Visitor: 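For reference, the structure I am asking about is given below.
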Amino acid sequence: MAEMVMKKLVVEKHLSDRFVIDSAAVSTEELGNSIYPPAKRTLRMHNVPFTEHFARQVTRSDYTDFDLLICMDSSNIRWLGRFIPQSDPDNKVHLLMEYTGSNRDVADPWYTGDFEATYRDVVEGCSKLLETIA
């Protein structure tokens with residue numbers, strides 16, 4: 001969801017040529033799976049375009065290939081430690097909600113079923129992230 005929301009925000013600001021936006025999983029649970037149907041419904045409801053997307057796993061090269069690695073929750077940061085330098089020497093790893101002034105996790109729809117709350121967090125976090133880096 002966050003990848004698609006961020007892509008939409010970047011297009012709206014006419015900044016597409018300045019960003020490469022991708023998403024990757026820290027675990028193998030969803031590898032090869034498409035966007036979860038309730039997430040697709042939420043994106044459609046908010047007119048967020050999305051392409052067919054299949055989950056891939058984070059790789060060690062992601063740390064060097066990307067300027068930022070944005071995580072939805074603190075568990076993602078812990079798992080990410082398997083793929084990146086433990087000390088994050090380039091300060092690339094951040095929680096999305098940090099950009100809103102909060103160090104909390106994005107609401108997790110897997111436990112609550114509330115994809116709307118997740119969408120609100122993602123929009124707020126992505127908007128503030130874009131303000132910070134654009």
Side-chain angles (χ1 to χ4, degrees):
M1 189 182 292
E3 175 185 344
M4 304 310 166
V5 167
M6 190 66 169
K7 284 179 175 177
K8 179 181 183 202
L9 294 172
V10 165
V11 165
E12 290 173 350
K13 299 279 187 189
H14 307 287
L15 299 171
S16 298
D17 60 329
R18 294 181 51 199
F19 292 93
V20 174
I21 301 164
D22 194 11
S23 58
V26 292
S27 73
T28 59
E29 295 169 354
E30 295 296 325
L31 293 185
N33 290 347
S34 183
I35 301 170
Y36 194 56
K40 285 181 182 179
R41 280 193 296 276
T42 303
L43 291 170
R44 277 190 198 104
M45 193 168 52
H46 292 282
N47 299 312
V48 176
F50 59 88
T51 56
E52 194 58 41
H53 175 80
F54 297 97
R56 72 168 184 89
Q57 191 162 32
V58 171
T59 64
R60 291 193 188 282
S61 66
D62 286 338
Y63 192 80
T64 55
D65 293 345
F66 292 95
D67 295 327
L68 291 171
L69 300 174
I70 305 298
C71 295
M72 299 300 108
D73 61 45
S74 51
S75 171
N76 292 159
I77 289 177
R78 284 190 303 278
W79 278 85
L80 192 60
R82 298 179 306 153
F83 302 96
I84 65 161
Q86 291 292 327
S87 62
D88 183 19
D90 298 324
N91 194 32
K92 294 183 175 190
V93 179
H94 300 273
L95 280 173
L96 179 62
M97 297 310 286
E98 277 179 40
Y99 295 92
T100 69
S102 170
N103 280 329
R104 71 175 178 82
D105 295 345
V106 167
D108 191 336
W110 297 112
Y111 299 109
T112 65
D114 189 348
F115 283 81
E116 193 61 32
T118 303
Y119 176 80
R120 286 190 304 269
D121 280 356
V122 166
V123 168
E124 180 184 12
C126 287
S127 296
K128 294 296 186 177
L129 170 59
L130 187 56
E131 283 177 26
T132 301
I133 62 177

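Bear in mind the structure is a predicted one, so any value in this text is a computation, not a measurement. Keep in mind that the numbers below use all heavy atoms, side chains included, and drop hydrogens, waters and symmetry copies.
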Visitor: Residues two or more places apart in sequence or in another chain: which of them pass side chain to side chain donor-acceptor pair (under 3.5 Å) with D114?
Guide: none
Visitor: Hey, could you give me the CG/CG distance between D105 and N76, rounded to the nearest 0.5 Å?
Guide: 8.0 Å
Visitor: Less than 4.5 Å apart, any side-chain heavy atom of L43 and any of V5?
Guide: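 They are in side-chain contact.
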Visitor: After noting the C-alpha distance and the side-chain angles of E124 and R120, does the key distance pass the salt bridge (Lys or Arg N to Asp or Glu O under 4.0 Å) rule?
Guide: CA-CA 6 Å; E124 180 184 12; R120 286 190 304 269; over 6 Å; no
Visitor: What are the two closest non-hydrogen atoms of K8 and P49, and how far apart are they?
Guide: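 Closest pair (atom of K8, atom of P49, distance): CD-CD, 4.0 Å.
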Visitor: Report the C-alpha distance between M97 and N103 in whole Å, list the side-chain angles of each, state the deciding distance to 0.1 Å, and finish with yes or no for side chain to side chain contact (heavy atoms under 4.5 Å, CB included).
Guide: CA-CA 6 Å; M97 297 310 286; N103 280 329; over 6 Å; no
Visitor: Could you walk me through whether D73 and R104 pass side chain to side chain contact (heavy atoms under 4.5 Å, CB included), step by step?
Guide: CA-CA 7 Å; D73 61 45; R104 71 175 178 82; over 6 Å; no
Visitor: Are W79 and Y111 co-members of a hydrophobic cluster defined by side-chain heavy atoms under 4.5 Å apart?
Guide: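 No, no single cluster joins them.
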Visitor: Within a radius of less than 6.0 Å around CG of N91, do more than 12 heavy atoms belonging to other residues, nucleotides or ligands occur?
Guide: yes
Visitor: Has the side chain of R44 got a donor or acceptor atom that lies under 3.5 Å from a matching backbone atom of F50?
Guide: no
Visitor: Shortest non-hydrogen contact from G125 to T100?
Guide: CA-CG2, 3.8 Å
Visitor: Is the backbone of L95 close enough, under 3.5 Å, to the side chain of E98 for a donor and an acceptor to pair up by distance?
Guide: yes
Visitor: What orientation do Y119 and H46 show, parallel under 30°, tilted 30 to 60°, or perpendicular over 60°?
Guide: parallel
Visitor: Counting N and O atoms only, with roles assigned by atom type, does the side chain of T42 sit under 3.5 Å from a partner on the main chain of E116, one being a donor and the other an acceptor?
Guide: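 No, the answer is negative, given that no donor and acceptor are paired below the 3.5 Å cut-off.
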Visitor: With rounding to the nearest 0.5 angstrom, report the CG to NE2 distance, D17 to H14.
Guide: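 Between atom CG of D17 and atom NE2 of H14 there are 11.0 Å.
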Visitor: Within a strict 4.5 Å, meaning less than it, do heavy atoms of the K7 and V10 side chains meet?
Guide: no
Visitor: Rounded to the nearest 0.5 Å, how far does CE of M72 lie from CE of M1?
Guide: 10.5 Å
Visitor: Do you know the tightest heavy-atom contact between A24 and D62?
Guide: CB-OD2, 4.4 Å
Visitor: Minimum heavy-atom separation for C126 and L96, please, with both atom names.
Guide: N-CD1, 3.7 Å
Visitor: When you check the side-chain N and O atoms of T59 and S61, is any donor under 3.5 Å from an acceptor?
Guide: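 Result is yes, a qualifying pair exists.
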Visitor: Hey, are the side chains of M4 and I35 touching, using non-hydrogen atoms and a 4.5 Å cut-off?
Guide: yes
Visitor: If two hydrophobic side chains count as joined below 4.5 Å and joins carry through other members, does V93 share a cluster with V106?
Guide: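 Looking at the clustering, V106 is in a separate group from V93.
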Visitor: Taking a hydrophobic cluster as the set of Ile, Leu, Val, Met, Phe, Trp and Tyr residues connected by side-chain heavy atoms closer than 4.5 Å, whether directly or through intermediates, do V122 and I77 fall within one such cluster?
Guide: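 Each belongs to a different hydrophobic cluster.
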Visitor: Please report the shortest heavy-atom distance between S23 and E3, naming the atom on each side.
Guide: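 Answer, listing the atom of S23 first, then E3: OG-OE1, 2.5 Å.
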Visitor: Roughly how far apart are L129 CG and L68 CG, rounded to 0.5 Å?
Guide: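 It is 6.5 Å, given to the nearest 0.5 Å.
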Visitor: Could you state whether L15 and I21 fall into the same hydrophobic cluster, counting links through intermediate Ile, Leu, Val, Met, Phe, Trp or Tyr residues with side-chain heavy atoms under 4.5 angstrom apart?
Guide: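 In one cluster with L15: I21, yes.
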Visitor: Kindly determine whether D90 and Y63 satisfy side chain to side chain contact (heavy atoms under 4.5 Å, CB included), including the steps that lead there.
Guide: CA-CA 9 Å; D90 298 324; Y63 192 80; 3.5 Å; yes
Visitor: In terms of heavy-atom contacts, does NZ of K128 have more than 12 from other residues, nucleotides or ligands at under 6.0 Å?
Guide: no
Visitor: What's the shortest heavy-atom distance between I84 and R60, and which atoms?
Guide: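 So the minimum-distance heavy-atom pair works out to N-NH1, 4.5 Å.
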Visitor: Working to the nearest 0.5 angstrom, can you tell me the gap between L80 CG and S75 OG?
Guide: 10.5 Å
Visitor: One pair to check against side chain to side chain contact (heavy atoms under 4.5 Å, CB included): D108 and T118. What are the steps and the verdict?
Guide: CA-CA 6 Å; D108 191 336; T118 303; 6.0 Å; no
Visitor: Could you tell me whether a side-chain N or O of K92 sits under 3.5 Å from a main-chain N or O of F66, the two making a donor and an acceptor?
Guide: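 Yes, because the side chain of K92 sits within donor-acceptor range (under 3.5 Å) of the backbone of F66.
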Visitor: Compare all side-chain heavy atoms of V123 with those of L9 and state whether any distance is below 4.5 angstrom.
Guide: no
Visitor: Given the rule that I, L, V, M, F, W and Y join up when any side-chain heavy atoms are under 4.5 Å apart, are F115 and M45 in one cluster?
Guide: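 No; M45 is not reachable from F115 via cluster members.
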